[in-house]
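The next block holds one structure in the form of structure tokens; read it before the comments.
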Amino acid sequence: LKAADEVLAQMSVILHLPIKQPLKKSLRSKQEIRAYLIQAEKDDKNDAQRYADDKSLEAFGLIPKNFPLDSFMLDVLTDQVAGLYDPKAKEFYIADWIPADEQRDVMSHELTHALEDQSFDVDPWIKAARPDDDAELARDAVSEGTALAAMLDYSLRDQHLSVRDIGDVTALIRPGAVEEMDKDSNLAKAPIVIRDGLLFPYLAGTSFSQEFLKAHTSWADLHLLFEHPPVSTQQIMHPDFYLKGVGPAKVTLPKWKGVAPADWKLLEENVMGEFGLEEILKQFLDPARAAQLSPSWDGDRYALFEDAKTKDTRLVFLLALETTEDAARFFGQYSEALEMKYSDRAQLYRRPNFFQFQTETGGVFLRCVGLQCVTVEGATRQTYDAINRAIGWPPAPGPVEVAVPSIAQIPSATVRAAR
């Protein structure tokens, strides 16, 4: 407890942030920290929001169906935590199973959270990005990235160095982080998106923070990040975009009334972002191709529906690319990813910039027009055409489904004439 106060004072000097109130702190057992994590998850989102999040990951093919995401993450976080700052209670929880001399680096990270919270009220600041998941992840990367960058400054202080003085910080911390993940039996076999999602705020966030600090005088300019937060993971992954004020294009989905079938229940509309797009491509292609294609992302919006009867998901994903050449490349590679995703595909039909096939749960469609591409998964061709019209695109090439009416639907006069 004494060490925590000492580290707090040192971090206050490093960060140029005042200690506005005494630090509440306590030693906690692993069981107590697990109980805190359970309650924090309940307080963070309601059941419907968590259900929609899980179903979105399933629909994009990022986690297996019925994957126990909540319990899996709870086990992982309980094992990984060495200390944490509770923004609601304004209290620092110190893991009682780790020796104090090994805690100081952890403290420097968590107490950066405490100091930032006292000055910038960080938890509401992160959640203010909602319901845009991509923007929220970008703000989370600021929080974790600045805390890890500050921890590096704390560890380098006796050498009179800072994170501004060293080379690419990602190359420094990634090997160790990945190695630690591989040691964890749960994380070693976790879906790619979970591993990457856990690492992203720390690795990409620290690299972003390093570039921000190099572009400014010192930690005294930290307030600028909280006053003008990044708006997308693209700005985290490419700090120059943030520093130059370059944001993504605005992508808008149509109003769904009269467009989506009546039995499609809307679960959520949200944004995947460049990070999310890279995860999808990595899942079905390979990391190198994903890393080459995902930077062409310039904005997106997706809508996730659930069939009221079958509970199958229906997905609409509208994406903006930076150039028409990028759109052409995306069409070629994403059509390949869709083929990898659906092994039961049939009736495949391909034309320039248009691609469709059938699956057990409905049709899958991909089309690119100009700088935009749309995918619709789990729909009839009739519904796809309605979505295509609603976003203002010209008609797509065939084949078009033709409904065959039953005798009961044919006017009686026509039936008599036929007889």
Side-chain angles (χ1 to χ4, degrees), residues 7-24 40 43-45 83-92 107-154 162-164 169-170 197 199-248 271 273-275:
V7 174
L8 181 70
Q10 291 169 316
M11 297 313 298
S12 176
V13 172
I14 289 172
L15 295 166
H16 299 270
L17 290 177
I19 302 173
K20 293 189 174 183
Q21 59 193 51
L23 177 68
K24 289 197 292 182
D43 293 342
D44 185 52
K45 290 184 178 181
L84 60 85
Y85 173 72
D86 177 358
K88 190 173 182 180
K90 309 294 183 184
E91 185 172 357
F92 175 43
M107 289 178 178
S108 68
H109 180 102
E110 296 302 330
L111 296 179
T112 296
H113 288 316
L115 290 166
E116 289 180 343
D117 189 46
Q118 288 188 11
S119 286
F120 309 119
D121 206 10
V122 175
D123 192 52
W125 175 81
I126 292 175
K127 291 177 181 176
R130 293 181 178 179
D132 185 330
D133 282 354
D134 185 57
E136 184 178 1
L137 180 56
R139 293 188 184 207
D140 189 40
V142 169
S143 175
E144 297 298 349
T146 54
L148 189 46
M151 186 181 86
L152 289 171
D153 275 11
Y154 176 80
S162 78
V163 73
R164 298 169 75 238
V169 70
T170 308
L199 287 174
F200 180 83
Y202 298 90
L203 299 185
T206 305
S207 181
F208 170 85
S209 299
Q210 181 184 42
E211 294 305 311
F212 173 84
L213 289 167
K214 286 182 176 181
H216 292 79
T217 305
S218 68
W219 284 103
D221 291 325
L222 178 62
H223 65 96
L224 296 174
L225 272 179
F226 291 92
E227 292 164 5
H228 307 285
V231 297
S232 67
T233 53
Q234 180 189 58
Q235 291 187 329
I236 297 294
M237 299 165 81
H238 310 283
D240 280 353
F241 282 36
Y242 173 79
L243 295 171
K244 294 175 181 177
V246 177
V271 179
E274 182 177 334
F275 169 75

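- Here the straight-line distance linking atom CD1 of Ile14 with atom CE of Met151 works out to 11.5 Å at 0.5 Å rounding.
- With Gln235 contributing its side chain and Val231 its backbone, the two residues share a donor-acceptor pair below 3.5 Å.
- Between Ser108 atom OG and Leu148 atom CG the span is 8.5 Å, to the nearest 0.5 Å.
- Residues Pro87 and Val122 have side chains not in contact (no heavy-atom distance under 4.5 Å, counting atoms from C-beta outward).
- A salt bridge is defined here as a Lys NZ or Arg NE, NH1 or NH2 lying under 4.0 Å from an Asp or Glu carboxylate O, and Lys127 with Asp44 meets this definition.
- Using a 4.5 Å heavy-atom cutoff, the side chains of Met107 and Phe92 are in contact.
- Heavy-atom minimum distance, Gln234 versus Gly247: OE1-C, 4.4 Å.
- Counting all heavy atoms, side chain and backbone alike, Ile236 lies closest to Gly205 at CG2-N, 4.2 Å.
- In this structure, His228 and Tyr242 have side chains that are in contact, with non-hydrogen atoms separated by less than 4.5 Å.
- Judged purely by atom type and a 3.5 angstrom limit, Ser207 has no side-chain atom pairing as donor or acceptor with the backbone of Leu203.
- Rounding to the nearest 0.5 Å gives a distance of 9.5 Å between NE2 of His16 and OG1 of Thr217.
- Residues Ser209 and Val142 fail the side-chain proximity criterion, which asks for heavy atoms closer than 4.5 Å.
- The NE2 atom of His238 sits 12.5 Å away from atom CD of Glu211, with the distance rounded to the nearest 0.5 Å.
- Atom CG of Leu23 sits about 8.5 Å away from atom CD of Glu91, to the nearest 0.5 Å.
- Side-chain contact between Thr206 and Leu152: present, with at least one pair of heavy atoms (C-beta onward) separated by less than 4.5 Å.
- Judged purely by distance below 3.5 Å, without hydrogens or angles, the side chains of Asp134 and Thr233 pair a donor atom with an acceptor atom.
- By the 4.0 Å N-to-carboxylate-O rule, Lys88 lies too far from Asp123 to be salt-bridged with it.
- The main-chain N or O of Leu17 is found under 3.5 Å from a side-chain atom of Ser12 such that the two form a donor-acceptor pair.
- Relative ring orientation between Phe212 and Phe208 is described as parallel, the plane-to-plane angle staying below 30° on a 0-90° scale split at 30° and 60°.
- Pairing each heavy atom of Thr112 with each of Met11, the nearest pair is OG1-CE, 3.5 Å.
- Between the Gln210 side chain and the Val163 main chain, a donor and an acceptor come within less than 3.5 Å of each other.
- Looking at Lys214 and Asp221, no side-chain N of the basic residue comes within less than 4.0 Å of a carboxylate O on the acidic one, giving no salt bridge.
- Closest non-hydrogen pair, Ile19 versus Gln118, comes out as C-OE1, 3.6 Å.
- Using a 4.0 Å cut-off between a side-chain N of Lys or Arg and a carboxylate O of Asp or Glu, Arg139 and Asp132 do not qualify as a salt bridge.
- Annotation for Ala150 and Leu15: closest pair CB-CD2, 3.8 Å, computed over non-hydrogen atoms.
- The CD atom of Glu110 sits 5.0 Å away from the NE2 atom of His113 when rounded to the nearest 0.5 Å.
- Annotation: side chain of Asp121 is not in contact with side chain of Phe226 (no heavy-atom distance under 4.5 Å).
- Annotation: side chain of Tyr85 is not in contact with side chain of Glu116 (no heavy-atom distance under 4.5 Å).
- A pairwise comparison of heavy atoms in Phe200 and Ala141 identifies CE2-CB, 4.2 Å as the closest pair.
- Remark: the backbone N or O of Ile126 is not paired with any side-chain donor or acceptor of Glu136 at under 3.5 angstrom.
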